[in-house]
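Just so you know, ligand 1 is whichever comes first in the structure, and atom 1 is the first atom listed for that ligand. Keep in mind that this is a model prediction, so the values were computed, not measured. The first residue of the sequence shown is numbered 1, and numbering continues consecutively from there.
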Amino acid sequence: MTEPIKTLPLVFDEPRGRKKPPPHLADYDETGRKKLLTDAGLPGFRAKQLSTHYFARLVDDPAAMTDLPAAQRDELVSTLLPSLMTPLRKLEADKGTTVKTLWKLFDGALVESVLMRYPGRSTVCVSSQAGCGMACPFCATGAGGLQRNMSTAEIVEQVVAASRSLARGEVAGGEGRVNNVVFMGMGEPMANYKAMIGAVRRLTDPAPAGLGMSARGITVSTVGLVPRMLQLADEGIPVTLALSLHAPDDELRNELVPINTRFSVAETVDAAWNYARTTKRRVSIEYAMMRDINDQAWRADLLGDVLNSYGDWAWVHVNLIPLNEVPGSQFTRSRDEDMDEFVRRLEAKGIPTTVRDTRGNEIDAACGQLAATE
Ligand code: SAH
């Protein structure tokens, strides 16, 4: 079933000659962590203690790692737990239950993550690249192009940082933990496939090797890099796949999601169906509602027909996102009555449909605007 991986176009290549982020224990499995220590002339068995501090106890202060010999502590920590990012700014909304952090990476690149707290659960939205090469014209991140891929540890650290804040009761609503991770921050996770999969493994590995999260709580969102979607289906990790479709027809999707000129709507939805069939996981179709662009009733009908041309089980659901308006952009949010009609049409065709609540609207928590203005 899996097709050969097509050669990906140049747009996926990050600029050459960039310095890599420092290696960190979250980049490696347990064997790799031990090797990193022994290569530095340090005892390999310390890797497990450091992993326990990082993933299980969520400790970041070396002074609190009292099971490590004081004389060796700094060297152990700088070898496996180097500082990867510093928070430049934190913005809160929704009475402190939505927290957006702007991070500065080791080389000055800026990325952001968002923690969203709901009754009984918390979701972290992570970035997978600094910038993005996909150039979707309605997205603030797309305008700046790709700076670089993030490392596995840089992706994981966003979740660990949120877990720490929740565990320490620093977020409104009291102590808590991270239940869901969505790859819907800056970047195209499928264009940084290896680091993304590494991060998924670290998030799901049982503690102390990883955070011990359920794969079902993780959502990987993509513009539709078909070869990578096929590859993900064969990984045997039941993460949720979200496909940013935004239009059911090639003519419009070519403009809204330029990669569509390479992988058509039919090829892309085929790959989404393949994912659902292989993993038995319901795929989520993301559709940002843009006034008079993609929100016509006939497009809702067409979207329903396209999705219904596959399995007769509920293999898919549609997530309508009221457009987060980017200043200076020609794209605006759909009228409420048009969104309502769009939902009605999809439901009439039997497609489960939800309208996403717009958390953190006033802090631009949905689309890379903060990093873009910095
Ligand atoms: N590159 C991935 C993940 C990052 S964006 C992807 O495209 O899926 C996460 C979601 O936010 C995508 O569906 C994206 O299309 C959407 N998005 C981007 N800009 C938006 C905006 N201004 N308003 C609403 N949704 C937006």
Which atoms of ligand 1 are found less than 4.0 Å from any heavy atom of [X]?
{"X": "Phe183", "result": "3 (C)"}
{"X": "Val223", "result": "6 (C), 7 (O), 8 (O)"}
{"X": "Cys139", "result": "18 (C), 19 (N)"}

request  = Indicate the ring-plane relationship of Phe138 and Phe331, choosing parallel, tilted or perpendicular according to the 30° and 60° boundaries.
outcome  = perpendicular
ask   = Between His53 and Asp60, is any side-chain donor less than 3.5 angstrom from a side-chain acceptor?
value = no
I'd like to know if [X] contacts ligand 1, where contact means a heavy-atom distance under 4.0 Å to any ligand atom.
{"X": "Cys132", "answer": "no"}
{"X": "His246", "answer": "yes"}
{"X": "Ala242", "answer": "no"}
{"X": "Phe331", "answer": "no"}

key: salt_bridge(Glu154, Arg148) N-O dist < 4.0 Å   = yes
request  = With atom 10 (C) of ligand 1 as the reference point, say which of Gly187, Pro137, Ser244, Gly224 has the nearest heavy atom.
outcome  = Ser244
ask   = Taking N or O atoms only and a 3.5 Å limit, does Phe138 qualify as a polar contact for ligand 1?
value = yes
ask   = Quick check: does Glu286 get an N/O under 3.5 Å from an N/O on ligand 1?
value = no
request  = May I ask you to check whether over 12 heavy atoms, not counting those of Glu337, lie within 6.0 Å of atom CD?
outcome  = yes
request  = Answer yes or no: does atom CZ of Arg356 have more than 12 heavy-atom neighbours from other residues, nucleotides or ligands under 6.0 Å?
outcome  = yes
key: Cation-aromatic face contact Arg33/Tyr28, 6.0 Å, 45 degrees   = no
key: Asn149 side-chain N/O to Ala195 backbone N/O, donor-acceptor pair under 3.5 Å   = no
ask   = So which bit of Thr222 gets within less than 4.0 Å of ligand 1, heavy atoms only: side chain, backbone, both or neither?
value = backbone
query = Nearest 0.5 Å, what's the CE-CD1 distance between Met339 and Ile321?
reply = 11.5 Å
